[in-house]
Amino acid sequence: MAEALMTVTPGNRIAGEDREARSGKTFESRNPARWTDIVGVFPLSDASDIDTAVRAAKAALPGWRSTPWPARGAIILRAAEILEARKEKLARLMTREMGKVLTEARGDVQEAIDMGKFIAAEGRRAFGETVPSELRNKWAMTMRQPLGVVGCITPWNFPIAIPSWKIFPAVMAGNTVVFKPSTDTPLCGLSFVEALEEAGLPKGVINVVFGSGETVGNAIVSHPDVAAIYFTGSGDTGRGIAAECGRMLKRVSLELGGKNGIAVMDDANIDLAVDGALWGAFGTSGQRCTASSRLIVHRAVLESFTQKLLDRARSLRLGYGLDADVDVGPVINARQLARIHSYTTVGIAEGANLALGGEIASDGDLDDGNFYTPTVFTGVKPEMQIAQEEIFGPTTVIMPVDSFDEALQFANSTQYGLSLSIYTNDLRHAFRAMHELEAGIVYVNAPTIGAEIQLPFGGTKNTGNGHREAGGHVLDEFSEWKSIYIDYSGKLQRAQIDTNA
Ligand code: UN1
């Protein structure tokens, strides 16, 4: 694994050039499975660097927005092909920088490839409408136009897929971009952008600035020349961004997490439900917005489901995600590790039964990274903190219910509404669940993770502010409509007044 030893030292990428932070300061990106492995040293930027990046994005805007849609689409398709050719290399980099196991890292890169190919086709499909005018000899139509310079602020858990959800459609629609990847995964973010650069994206269309959310993120949000913000991250940060964008009348799209639940009914295929719960709860070490962090189980199958789940979870192997026999990788950093562990203390204190795990793992090699044992609480009640708050780690809770209606009620009992699932073989229950589960995404007989890019992604309630990523309507998020009227009658015609003349 020769690549694991290299430490890169890139600059911010502004107008296609590498630039140090004006402050000269730097930060490190480290391998969460091997603390001593430094993946890269990156500029720790501030508001002055953002200003330079916004200027570059602004300068690139006239050329890019006037580039024909199909030509923009062709560049995005090329970028997707470059990602595809580089999939294995990028996946290995992702496992090293972010920690998810290699099979999942490949899936993350694949999601970006899918998104690129899907969006590229919009270049020949960004239809407007021709609408009949109420007046004679008058033509009416609509067309999309870009918003301008937009800001994309992304998390570390899907360090290539989530940037692709935001950046591909942003540039497809003719916007130029200032992009801040998470400080935990800067190299993944940069590697995604490099595919676009190599595909021929003109300089300045996308500019990457590294640094903290408080400094760099806030500087993007409050910059007067940034027209819209696309953010995935925590609820508190999202609220702050929304307040500032509200004040400045900016468009803002927020994806702020979930407390997703799987309801397992008495008529479900229990082995299938256990497979789903295991994958949904412990895949990506539970660090997905969509993670199955609540298992709502009918009492009739509670014992067999719980036993099977615990047996399977107990045998999951923790370790470095590049090792082939590892099931669960590290968590992202020491702060998250401490936070996840603090929820174990909370769960015990509020009377839940710790049935498995609940420990910071430190045997052998695990001592060099941030590892947490897969953790299961049983006997959990909906009002408990561990059933309400997003833990973002390999911790799930089992909540017994007595009926289908109670399962729905428990499933809907949090402030979030990202992803909910039901395992049942009863068609009536499946259909009622589709209608009554309060979430942006509902699964039947599949866990809460596994969204595909051709469908909208996002949630109801406090998961966001009503916007969706990806899916067939995604250009609506990144463009605005212009209505155009052409009067070729040669005389003044007054709408609403001369109508029906
Ligand atoms: C996220 O956790 O922020 O549905 C995104 C899924 C993935 C995307 C998750 N396709 O789990």
Side-chain angles (χ1 to χ4, degrees), residues 10-19 43 45 49-83 86 112-113 115-124 126 144-154 160 162-181 186 188-210 216 219-221 223-231 250-251 253 469 474-475 477-480:
N12 288 326
R13 191 63 60 81
I14 298 178
E17 283 170 25
D18 264 14
R19 308 234 187 127
S45 314
D49 301 299
I50 286 299
D51 198 51
T52 312
V54 173
R55 270 173 223 264
K58 218 174 153 186
L61 189 59
W64 184 242
R65 62 177 292 161
S66 61
T67 301
W69 283 78
R72 296 201 297 254
I75 292 173
I76 291 171
L77 181 59
R78 244 181 343 258
E81 286 165 353
I82 292 169
L83 292 173
R86 230 167 258 174
I113 297 165
M115 187 69 189
K117 290 182 177 175
F118 180 69
I119 287 297
E122 293 298 327
R124 292 189 186 273
R144 291 185 186 277
Q145 57 176 9
L147 303 169
V149 177
V150 303
C152 298
I153 304 172
T154 60
I160 292 188
I162 292 181
S164 85
W165 297 356
K166 301 184 195 301
I167 291 168
F168 277 147
V171 297
M172 181 69 258
N175 303 288
T176 58
V177 177
V178 176
F179 168 37
K180 187 198 98 62
C188 287
L190 184 63
S191 303
F192 170 73
V193 168
E194 280 173 348
L196 272 162
E197 289 177 339
E198 286 171 42
L201 195 74
K203 292 185 194 329
V205 173
I206 175 152
N207 306 278
V208 189
V209 181
F210 302 104
V216 171
I220 298 174
V221 171
H223 198 292
D225 289 333
V226 173
I229 298 293
Y230 302 87
F231 171 78
K250 288 185 188 189
R251 186 185 294 207
S253 161
E469 302 190 85
V474 64
L475 286 180
E477 304 285 343
F478 293 90
S479 61
E480 50 197 351

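Note: hydrogens, waters and symmetry copies are ignored here, and every other heavy atom, side chains too, is used.
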Check your understanding: What closest approach, in Å, do Val474 and Ile119 show between heavy atoms, and which atom pair accounts for it?
Key -> CG1-CD1, 3.5 Å
Revision key, fill the gap. Interatomic distance, OG1@Thr176 vs CG@Leu61, rounded to 0.5 Å, equals 4.5 Å
Check your understanding: Atom CZ of Phe231 and atom NZ of Lys180: how far apart are they, to the nearest 0.5 Å?
Key -> 8.5 Å
Check your understanding: With no hydrogens and no angle check, is any side-chain donor or acceptor of Lys250 less than 3.5 Å from a backbone partner on Val226?
Key -> yes
**Study point:** Within 6.0 angstrom of Arg55 CZ, more than 12 heavy atoms from elsewhere
**Key:** no
Review point. Does some side-chain heavy atom of Thr154 sit less than 4.5 Å from a side-chain heavy atom of Phe179?
Key: yes
Practice item. Mind running side chain to side chain contact (heavy atoms under 4.5 Å, CB included) on Val149 and Asp225 for me, showing each step along the way? Key: CA-CA 7 Å; Val149 177; Asp225 289 333; 5.6 Å; no
Review point. Would you say the side chain of Lys203 lies within less than 4.5 Å of the side chain of Glu17, judging by non-hydrogen atoms?
Key: no
Review point. Is it true that a side-chain atom of Asn207 and a backbone atom of Val178 form a donor plus acceptor pair closer than 3.5 Å?
Key: no
Review point. Taking it one step at a time, do Ile153 and Val221 satisfy side chain to side chain contact (heavy atoms under 4.5 Å, CB included)?
Key: CA-CA 9 Å; Ile153 304 172; Val221 171; 4.0 Å; yes
Check your understanding: How many angstroms lie between atom CZ of Phe168 and atom CG of Leu77, to the nearest 0.5 angstrom?
Key -> 9.5 Å
Practice item. Check whether any side-chain N or O of Trp64 sits under 3.5 Å from a backbone N or O of Pro202 as a donor-acceptor pair, and report yes or no. Key: no
Point to revise | CG on Leu196 to OG on Ser164, rounded to 0.5 Å | key: 10.0 Å
Practice item. From the options Met115, Glu122, Glu477, select the one residue that forms a side chain to side chain contact (heavy atoms under 4.5 Å, CB included) with Pro169. Key: Met115
Revision key, fill the gap. Distance col, row Leu147:CG vs Ser479:OG, nearest 0.5 angstrom, shows 6.5 Å
**Study point:** Nearest non-hydrogen partners of Ile50 and Ile220, listed with the distance
**Key:** CD1-CG1, 3.4 Å
**Study point:** pair Leu190-Phe210: side-chain heavy atoms closer than 4.5 Å
**Key:** yes
**Study point:** Donor-acceptor contact present, side-chain Arg72 to main-chain Met172, <3.5 Å
**Key:** yes
**Study point:** Heavy-atom closest contact (Leu83 atom, Ala195 atom, distance)
**Key:** CD2-CB, 3.6 Å
Check your understanding: What about the rings of Phe478 and Tyr230, do their centers lie closer together than 6.0 Å?
Key -> yes
Check your understanding: Could you state the interatomic distance from CZ (Arg13) to CD (Glu197), rounded to the nearest 0.5 Å?
Key -> 4.5 Å
Point to revise | Where Pro163 and Ile160 come nearest, the two heavy atoms and their spacing | key: CD-O, 3.3 Å
Point to revise | Considering all heavy atoms, the nearest Pro146-Ala173 contact | key: CB-O, 3.2 Å
**Study point:** Closest contact, heavy atoms only, Gly148 versus Asn175
**Key:** N-OD1, 3.0 Å
Check your understanding: Can you find a pair of side-chain heavy atoms, one from Val216 and one from Asp49, that are under 4.5 Å apart?
Key -> no
Exercise for review: Taking Asp18 for its side chain and Pro10 for its backbone only, find out whether a donor-acceptor pair lies under 3.5 Å.
Suggested key: no
